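Since the structure is predicted, the reported quantities are computational estimates derived from the model, not experimental observations. Note: hydrogens, waters and symmetry copies are ignored here, and every other heavy atom, side chains too, is used.
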Amino acid sequence: MPRIIALFLLLFVSSAFTQEVRPRNRELDALRETLGSGNQDDPEALKKSRLRWPEYEAVIAKAIEMQDSARAVGGEKLAQCIDSYALNASMRDTALDYYLAGRILGLAGRLDEARKHFEQALERDPYFFWAAHGLGTCFANKNMYEAAVRHYLRATELNPKFAMAARGLALCQARLGQHEAAEKVLRRVLQNDARDADSLSALASVLIDQARYGEAAAVLEEAKLVEAKLPDLDLRLALCYRRSDQAERAVSLYESIVRTRPEEWKAWLALAEIFQRQGRNHAAADAVEKALAHLPTAAAADRDRLAADAARLRSLPAVMIPDPREKSAEELIDLLLHSAEVERRRDAVRVLWRVEWRHKTLAQCMLHALKDKDEQVKALALKSIAREYPKENVPDLTRLLTLLLRDGSAYVRGLAADILGSGEHPSAVPVLMTALGEQDPYAFRLIHRALNHSTFGYVEILEPATMDEAARTRISDAWRAWYATEKDRYSRYEEPKK
């Protein structure tokens, strides 16, 4: 299922809309206080709109069944359904009809058209909270989370009992790194309905994002009691068990998953990782081979490397006593991303930066580590990125290194310059020229050295013993004089002036 449609369904589809025709003032005030909103509404106009909500809810609930059925069939039936609702909107010109037309367009992935219909619905009735929710979902699907938050917030402000909008709000806040606010929103929803399985699932996602795996597992267990068939519930629960050192429970759940759904190749790889940590090498090899047998063509995994892993594991003794001090790559990634102790993050990155990128998880981890406050962590992450970055994407790497030339650490700035020079790509030259204003002697030396590696400028190849201010000025002037005569060769790599 395309990502847009999947997310639209997640945030839109529900068997019924939770209605609150007259939300109590204290609930509305509490939500505003929690989320920091304060729209000024016309009390009389809002009252008139609320009186129509029960009627709207009945029509929307019936339309959901028809629209979801059309989307499931697709093709001509979906096209006819879209045309029908769009025609109703243009003829009747009501908030309800514009909303329903926007909803079916959104489910079909036509987000820009859906957005316009939701906006027209709000022009007819600014208190039609369903349309505010629809706008939030459109922006969420386009990864515009700040805009999505504003619209979801508006929907929840108008109807604090509208749980779908609250879930959408929380999920977007989590994407923005606002985990505390997201958790607060979801727990408020669950105060009203402790058996809201979708909100329990969303809360678990927020907790997982914060590496609070034990708490997330408990929340998912609650959700399982309410609705055992929530999407990916068992996989997420197994992940939480695995990450919270509950290996036996994780193995039991993963084995249950692959018995009924052997095509779940990620579950096979998770089993392989646990078995390897337990010293069960041949069991781990079996699991890797099962994953390979079900690996989709477009999977973000390297088939050859997985095959090599299976062969390596098969060559080891079937069972070994594991070293309790040895951490898996997954555990090290968790430490690097989430540990508050700088020494533990340093220990993790010292191992991980030498590891080949077999999955996108490690690539994402290293990119995230560039934001670390510690220069040693950033430096080793940068070395990993420089080694593994695809050679055909040198301009992209150059843009990343350009940002790091403005890092607060002279050590990181120098390393970025050294990597730029080692690539000997002409796109690095304008970037290094711009960096010649560097005031730190160490970083300046590496910028100067990188320019000599990347060009035939040959400015002071025999570097001075100290890069004091006089030396830096002299060398900078020499490089700028050289660049003035060679600029035409490099102008196409220069950043356009704003």
Side-chain angles (χ1 to χ4, degrees), residues 342 346 349-350 352-354 357 366-367 369-498:
V342 67
R346 286 177 180 175
V349 78
R350 284 184 190 118
L352 288 173
W353 86 271
R354 299 180 184 278
W357 292 4
M366 289 301 171
L367 287 169
L370 290 179
K371 302 175 185 178
D372 200 282
K373 295 179 181 179
D374 182 68
E375 65 176 16
Q376 293 184 36
V377 172
K378 283 192 286 192
L380 289 177
L382 182 52
K383 288 182 179 181
S384 173
I385 291 167
R387 184 191 67 238
E388 297 286 341
Y389 215 85
K391 301 307 180 198
E392 64 273 16
N393 290 342
V394 167
D396 290 339
L397 179 59
T398 300
R399 281 191 282 273
L400 175 63
L401 293 167
T402 301
L403 295 174
L404 291 169
L405 283 171
R406 299 195 289 271
D407 191 83
S409 163
Y411 177 47
V412 172
R413 297 197 301 273
L415 179 59
D418 184 58
I419 293 169
L420 278 166
S422 65
E424 298 184 359
H425 193 277
S427 64
V429 176
V431 175
L432 291 165
M433 288 299 303
T434 302
L436 282 171
E438 173 65 58
Q439 298 298 303
D440 181 84
Y442 166 78
F444 183 89
R445 186 182 296 278
L446 289 178
I447 292 167
H448 166 57
R449 193 174 295 170
L451 279 167
N452 273 319
H453 284 164
S454 303
T455 71
F456 295 105
Y458 299 134
V459 172
E460 295 203 29
I461 295 292
L462 297 176
E463 298 174 4
T466 59
M467 282 291 183
D468 56 16
E469 184 176 359
R472 295 197 304 271
T473 300
R474 182 181 70 251
I475 290 172
S476 295
D477 289 345
W479 274 118
R480 291 186 179 109
W482 168 84
Y483 193 64
T485 65
E486 302 288 335
K487 191 177 174 77
D488 289 345
R489 295 179 57 191
Y490 300 103
S491 58
R492 70 190 182 101
Y493 298 109
E494 292 180 349
E495 286 289 325
K497 294 183 179 178
K498 298 181 180 178

### Message
Take a 6.0 Å sphere around OH of Tyr490 and say whether it holds more than 12 heavy atoms from other residues, nucleotides or ligands.
### Response
yes

### Task
Kindly say whether Ile419 contributes a backbone atom to a donor-acceptor pair with the side chain of Ser422 at under 3.5 angstrom?
yes

#### Entry: Point-to-point distance, once rounded to the nearest 0.5 Å, from CG of Asp372 to CE of Met366
11.5 Å

### Query
Is the shortest heavy-atom distance from the side chain of Arg350 to the side chain of Gln376 under 4.5 Å?
yes

### Query
Counting only N and O atoms by type, is there a donor-acceptor contact under 3.5 Å from the side chain of Thr485 to the main-chain atoms of Trp482?
yes

### Whether Asp418 side chain and Ala450 backbone form a donor-acceptor pair below 3.5 Å
no

### Message
I'd like to know if Arg346 pairs up with Asp374 as an ion pair, taking the criterion as any Lys NZ or Arg NE/NH1/NH2 lying under 4.0 Å from an Asp or Glu carboxylate oxygen.
### Response
yes

### Query
Should the ring pair His448 and Trp479 be called parallel, tilted or perpendicular, given that the plane angle runs from 0 to 90° and is split at 30 and 60?
perpendicular

### Task
Kindly compute the distance separating NE2 (His453) from CG (Leu420), expressed to the nearest 0.5 Å.
13.0 Å

### Message
For a quick test of reading the model, state the closest non-hydrogen atom pair linking Met467 to Arg472 and the distance between them.
### Response
O-NH1, 2.8 Å

#### Entry: Minimum side-chain heavy-atom gap Leu382-Leu401 below 4.5 Å
yes

### Query
Hey, what do you get for CG (Leu352) to CG (Leu380), rounding to the nearest 0.5 Å?
10.0 Å

### Message
For the backbone of Pro464 and the side chain of Arg445, can you confirm whether one donor and one acceptor N or O come within less than 3.5 Å of each other?
### Response
yes

### Task
Ignoring hydrogens and angles, tell me if any N or O in the side chain of Arg387 forms a donor-acceptor pair with the backbone of Trp353 under 3.5 Å.
yes

### Summary
Per salt bridge (Lys or Arg N to Asp or Glu O under 4.0 Å), Asp407 is matched among Lys371, Lys378, Lys373 by Lys378

### Query
So do the side chains of Phe444 and Tyr442 get within less than 4.5 Å of each other, counting heavy atoms only?
no

### Query
Between Thr434 and Pro430, is there a donor-acceptor pair closer than 3.5 Å when you use the side chain of the first and the backbone of the second?
yes

### Query
Do the side chain of Glu460 and the main chain of Tyr458 share a donor and acceptor less than 3.5 angstrom apart?
no

